[in-house]
Amino acid sequence: MKSVQEQLNYICKGAAEIISISEMQTKLQRSVQTRQPLTVKVGFDPTAPDLHLGHTVLIRKMQHFQDLGHRVIFLIGDFTGLIGDPTGRSKTRPPLSTEQILQNAETYKKQVFKILDPEKTVIDFNSRWLAAMTSQDWIKLCAKYTVAAMLKRDDFATRYRTEQSIGIHELLYPLAQAYDSVVLQADFELGGTDQKFNLLVGRDIQREFGMEPQVILTMPILEGLDGVEKMSKSLNNYVGIQEDPKTIYGKIMSISDGLMFRYYERLTNLAPSEIEKMRRDVASEKPSLHPMELKQRLAEQIVSDFHGPVAARAAAEAFGRQFQQREVPEVMPEFSFTGAPLSLADVLTRSALAESKSQARRLIQSGAVSVDQSKVSDVALKLSVGQYVIRCGRLKWARVKID
RNA sequence: GCAGAGGUGGUCGAGCGGACAAUGGCACUGGGCUGUAAACCCAGCGCCCUUCGGGGCUACGCAGGUUCGAAUCCUGCCCUCUGCACCA
């Protein structure tokens with residue numbers, strides 16, 4: 001087991017905030033002395049088993065704790081999931097069946113174990129104890145917290161101020177999550193900075209139950225591809241770790257330079273000083289590296305994390321051919337239609353390159369469509385019998401055969 | 001429960017009897033410039049049809065009504081918020 005100081009350094013790396021450092025030291029010291037591992041709890045939403053890069057920031061930190069020999073619990077919030085989206089944006093979710101939950105858990109495992117050690121990871125579900133609670137239990141739990149304290153949470157405060165609705169059930173979310181920490185006797189709880197409030201409630205409630213409060217560690221939230229919102233599937237600004245190598249590579253290549261550095265910070269193991277050096281270099285009068293090259297490295301590294309170096313190399317090369325040398329991609333959807341001559345607009349719609357015929361027309365008019373590498377401007381163009389390679393926008397291609 | 005404010009397109013937010021498929025911002029999509037970067041410029045942005053002139057359909061919380069004509073006026077309902085009341 002590593003020394004307390006070594007552990008501290010490793011744990012702090014990349015963290016946004018830790019509350020509190022001194023309590024953490026106490027816990028680590030005790031752990032080293034008694035040779036007992038600490039319990040580290042991290043909760044995950046059961047309805048989104050599609051992990052993306054944003055989740056990996058946190059999962060990497062879990063990995064650090066595993067490396068140090070602590071006990072990491074991957075907690076699936078299958079019960080809290082019923083309460084609704086903690087950001088308050090979306091409606092209450094329909095309850096998941098046991099089957100679905102188990103299925104989601106399997107999907108989670110498959111993805112999480114690309115990073116975490118399956119041998120060292122405990123997977124648990126909070127319905128195990130939350131579903132068993134009686135009304136009385138809930139009332140007792142609720143009695144341990146106050147509305148005023150609850151309204152300190154930023155999104156509640158904002159919604160209250162801007163006259164948005166706040167369902168009472170939503171107030172139960174932080175309480176339930178906090179109670180998880182009581183049941184699991186968590187020494188640590190990890191989460192994104194957006195979870196800070198909920199994690200803090202965990203401390204308060206543990207104290208109420210006469211326990212030593214957990215130390216909370218927040219990790220920075222990863223911005224989505226737009227560089228503004230947090231990465232999330234519903235905002236469609238994410239990079240899923242299960243996506244194919246070419247897609248991941250391409251998505252990373254489309255981010256802005258500023259975002260690229262932040263991704264370096266949060267998604268690679270490079271030391272902060274090295275990243276700072278790159279940043280200065282790019283900003284200097286005569287950069288030794290083109291920012292695009294740095295981005296290519298980043299993209300390849302990230303693909304490699306989830307698909308291995310061979311696939312990453314291949315993705316990089318395919319990208320170079322398709323976008324930098326403007327070659328036609330080897331693989332694209334193929335369609336076969338009858339009834340020649342067909343209007344180009346029809347073909348675009350039927351091959352799913354455009355959503356409607358009107359949209360197809362608009363795309364043609366705006367110069368987005370090319371047939372066999374030459375741009376088409378005639379909205380009424382008809383295609384006779386033959387084979388064509390059709391491109392619509394930068395990304396969509398189709399090989400179409402017309403009889 | 002009483003009183004008041006409000007519910008408009010992906011979002012914010014104008015409009016308050018015809019000229020409204022609905023100003024504007026943002027987001028988004030295409031094009032140009034590039035490094036599939038940013039910034040910037042141009043265009044599009046409900047659905048369908050079009051000989052590209054235009055034509056049709058569906059939309060402003062829901063349901064009715066008044067009117068030649070309603071997002072706009074009236075009635076009822078639903079929802080949100082604020083103040084008061086209630087606070088076991």
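Numbers restart at 1 for each chain; the letters A, B, ... are given by sequence-line order, proteins then strands.
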Item to complete: Write out all pairs satisfying ring-ring contact (aromatic ring centres under 6.0 Å, His included) with one or both partners inside residues 213-264 of chain A, taking only residues at least two apart or from two chains.
Response: A/Y249-A/F319
Practice prompt. Would you mind listing every ring-ring contact (aromatic ring centres under 6.0 Å, His included) that reaches into residues 271-291 of chain A, with sequence neighbours excluded?
Written response: none
Nucleotides 27-31 of chain B: which of its N/O atoms have a protein N/O under 3.5 Å away?
residue	atom	partner	partner atom	Å
B/G30	O2'	A/S366	O	3.4
B/G30	O2'	A/S366	OG	2.8
B/G31	O4'	A/S366	O	3.2
B/G31	O3'	A/K375	NZ	3.2

Practice prompt. Hey, could you give me each pair passing side-chain hydrogen bond (donor to acceptor under 3.5 Å, both in side chains) that has a residue in residues 376-385 of chain A? Not counting sequence neighbours.
Written response: none
Worksheet item: With sequence neighbours left out, what residues match A/S343 under side-chain hydrogen bond (donor to acceptor under 3.5 Å, both in side chains)?
Response: A/D346
Discussion item. Going by the rule side-chain hydrogen bond (donor to acceptor under 3.5 Å, both in side chains), which residues pair with A/T268 if we only count those two or more places apart in sequence or in a different chain?
Written reply: none
In whole Å, what is the span from the [atom1] atom of [X] to the [atom2] atom of [N]?
| X | N | atom1 | atom2 | result |
| --- | --- | --- | --- | --- |
| A/E355 | B/C45 | CD | C1' | 11 Å |
| A/E293 | B/A37 | CD | C1' | 14 Å |
| A/N237 | B/G10 | CG | C1' | 14 Å |

Practice prompt. Quickly, which of A/Q185, A/R203, A/R207, A/K27 forms a side chain to side chain donor-acceptor pair (under 3.5 Å) with A/E212? Name it, please.
Written response: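 Exactly one candidate clears the test, A/K27.
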Worksheet item: A/S254 side chain N/O closer than 4.0 Å to the phosphate oxygens (OP1, OP2) of B/A37?
Response: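 For B/A37, neither OP1 nor OP2 has a side-chain N or O of A/S254 closer than 4.0 Å.
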Could you write out each protein N or O paired with an N or O of nucleotides 50-53 of chain B at a distance under 3.5 Å?
residue	atom	partner	partner atom	Å
B/U50	OP2	A/R361	NH2	2.5

All N/O donor-acceptor pairs, side-chain side in residues 361-368 of chain A, below 3.5 Å, sequence neighbours left out:
residue	atom	partner	partner atom	Å
A/S366	OG	A/R362	O	3.2
A/S366	OG	A/L363	O	3.1

Return the set of residues passing ring-ring contact (aromatic ring centres under 6.0 Å, His included) with [X] (not counting sequence neighbours), or none when no residue passes.
| X | value |
| --- | --- |
| A/H64 | A/Y10 |
| A/H52 | A/H55 |
| A/F74 | A/F44, A/Y108 |

Worksheet item: Between residues 299-308 of chain A and RNA chain B, which residues have a heavy-atom gap below 4.0 Å?
Response: none
Discussion item. Counting the atoms with a prime plus P, OP1 and OP2 as sugar-phosphate, which does A/I255 contact under 4.0 Å by heavy atoms, base, sugar-phosphate, or nothing?
Written reply: sugar-phosphate
